[in-house]
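These notes concern the structure reproduced below.
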Amino acid sequence: QDCNNNVVPDECDISSATSLDCNENEVPDECETGCQTAEATDIADGATVALSTGGNPDPTENAQAGFTNNSGSSGGSVTASETSDPTNPQSGGFQVLGNSVIVGTNIANGSFLLRLTVPFDEAGLGGVDPLTLDLVWYNAGTSSWELAVGANTQNSPGFGTPVGDRFSASGTMTPTLGDLSADLGDYGVFWNTDTLKGFVWGNVDHASTFTVAVPLAQAIRSLLRRRF
């Protein structure tokens, strides 16, 4: 196949990194509408870069990422790819309710700070209270979704565990990434009561596939309330 008509087979475009394939379906991202990617390269030590998967800085519309290189070396790179093709939507006691964001970097886990937001909207909630949603990551070793900040390699400031403070808020003015806590391990959710859109967020130091999810038991209770 040559979906982008560049006289090079799609698999060669992907293997040579000429084209990205964020959902790993062997179709270049430029040939799909369900996958958007942002990337940054040559990140100096101590520098922070901002990424938006769709170019819209509103975190209720596109995933936003702030990435800080703390490795002690320059030449860092990072990609963030937002896809509507979820991985195992009901694994590890969580129900996925939005897009996934795949983050990759050449910097080792624990040597960077990733501040990430993932959007969701009313259409995907299925009656679930939006303020119960969290940012989760996919643990391939256990084939399960787990709380994203819980997998951090370092403890949250002022806590004896990786998990810090959880912030839950709603209103008519959507905050930006810069308005949120920057402490490693902090996380939360925001819901815009006017637009009926929101986002989950978390501050992590590991790269993975992330998404917005609710505990499966909560999703089942919401479904039963809608039926009866």
Side-chain angles (χ1 to χ4, degrees), residues 20 22-24 37-53 59 63-83 86-88 91-94 96 98-119 133-168 177-190 199-215:
L20 296 174
C22 78
N23 54 6
E24 299 181 348
T37 298
E39 61 183 328
T41 59
D42 198 24
I43 307 169
D45 178 47
T48 298
V49 295
L51 302 175
S52 176
T53 56
Q64 313 292 323
F67 184 89
T68 303
N69 178 2
N70 296 321
S71 68
S73 301
S74 296
S77 64
V78 61
T79 61
S81 302
E82 184 177 353
T83 174
T87 300
N88 298 324
S91 298
F94 281 93
V96 173
N99 290 350
S100 296
V101 178
I102 305 164
V103 177
T105 178
N106 64 346
I107 300 176
N109 289 346
S111 296
F112 61 84
L113 172 64
L114 172 66
R115 303 175 63 208
L116 181 67
T117 71
V118 181
L133 274 56
D134 282 314
L135 181 73
V136 298
W137 76 290
Y138 188 69
N139 185 338
T142 59
S143 299
S144 63
W145 291 103
E146 301 172 10
L147 187 66
V149 295
N152 285 344
T153 68
Q154 304 170 70
N155 288 341
S156 183
F159 291 83
T161 69
V163 181
D165 289 315
R166 184 181 190 274
F167 298 85
S168 174
L177 187 62
D179 296 323
L180 307 174
S181 167
D183 285 346
L184 180 68
D186 283 358
Y187 66 112
V189 59
F190 174 80
F199 64 89
V200 294
W201 62 275
N203 301 329
V204 300
D205 64 359
H206 61 101
S208 182
T209 296
F210 301 91
T211 193
V212 49
V214 65

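Worth saying up front: this structure is predicted, and the values here are computed from it rather than measured. Below, all heavy atoms of this structure are taken into account, side chains as well, without hydrogens, waters or symmetry copies.
Annotation for D205 and L184: closest pair N-CD1, 3.9 Å, computed over non-hydrogen atoms. What you find for V189 and V200 is that their closest heavy atoms are CG2-CG1, 3.9 Å. Smallest separation of non-hydrogen atoms from S52 and A38: O-CB, 3.4 Å. V212 and P119 make their closest contact through CG1-O, 4.0 Å (heavy atoms, listed as atom of the first residue, atom of the second, distance). The minimum heavy-atom distance between V149 and N203, with the atom names listed, is CG1-O, 3.8 Å. Between S144 and T142 the shortest heavy-atom distance is OG-OG1, 2.6 Å.
Note: F190 CZ to L133 CG = 14.0 Å, rounded to the nearest 0.5 Å. Of the inter-residue distances, the one linking N106 atom CG with F112 atom CZ reads 10.0 Å to the nearest 0.5 angstrom. Once rounded to the nearest 0.5 Å, the distance linking CD1 of I102 with OG1 of T53 reads 11.5 Å. Atom OG1 of T161 and atom CG of N155 lie 6.0 Å apart (nearest 0.5 Å). To the nearest 0.5 Å, the span separating CD1 on I107 from OG1 on T68 amounts to 9.5 Å. The structure places OG1 of T209 at 11.0 Å from CG of N139, a figure rounded to the nearest 0.5 Å.
A ring-centre distance under 6.0 Å is not found for F167 and Y187.
Classification of the H206-W137 ring pair by plane angle, with boundaries at 30° and 60°, yields perpendicular.
The closest donor-acceptor contact from the side chain of N99 to the backbone of E82 lies at 3.5 Å or more, if one exists at all. In this structure, the side chain of R115 does not engage the main chain of G178 through any donor-acceptor pair within 3.5 Å. Q154 places a side-chain N or O within 3.5 Å of a backbone atom of G110 that can act as its donor or acceptor partner. Side-chain N or O atoms of S156 include none that pairs as donor or acceptor with a backbone N or O of V163 at under 3.5 Å.
The side-chain heavy atoms of L116 and V204, taken from C-beta on, include no pair separated by under 4.5 Å. Within the 4.5 Å cutoff, the side chain of D134 has heavy atoms near those of the L147 side chain. Contact annotation: the side chain of V78 approaches that of L51 to within less than 4.5 Å [non-hydrogen atoms, C-beta and beyond].
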Between F67 and T105, is the side chain to side chain contact (heavy atoms under 4.5 Å, CB included) condition met? List the steps. CA-CA 10 Å; F67 184 89; T105 178; 3.5 Å; yes

Go through the steps for V136 and T211 under the test side chain to side chain contact (heavy atoms under 4.5 Å, CB included), then give the verdict. CA-CA 6 Å; V136 298; T211 193; 3.5 Å; yes

Step-by-step side-chain hydrogen bond (donor to acceptor under 3.5 Å, both in side chains) determination, S111 to S71: CA-CA 5 Å; S111 296; S71 68; over 6 Å; no

Step-by-step salt bridge (Lys or Arg N to Asp or Glu O under 4.0 Å) determination, D186 to R166: CA-CA 6 Å; D186 283 358; R166 184 181 190 274; over 6 Å; no

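With W145 as the partner, the ring-ring contact (aromatic ring centres under 6.0 Å, His included) test is satisfied by one option alone out of Y138, F94, F210: Y138.
Under 3.5 Å, the side chains of T41 and S77 contain no donor-acceptor pair of N or O atoms.
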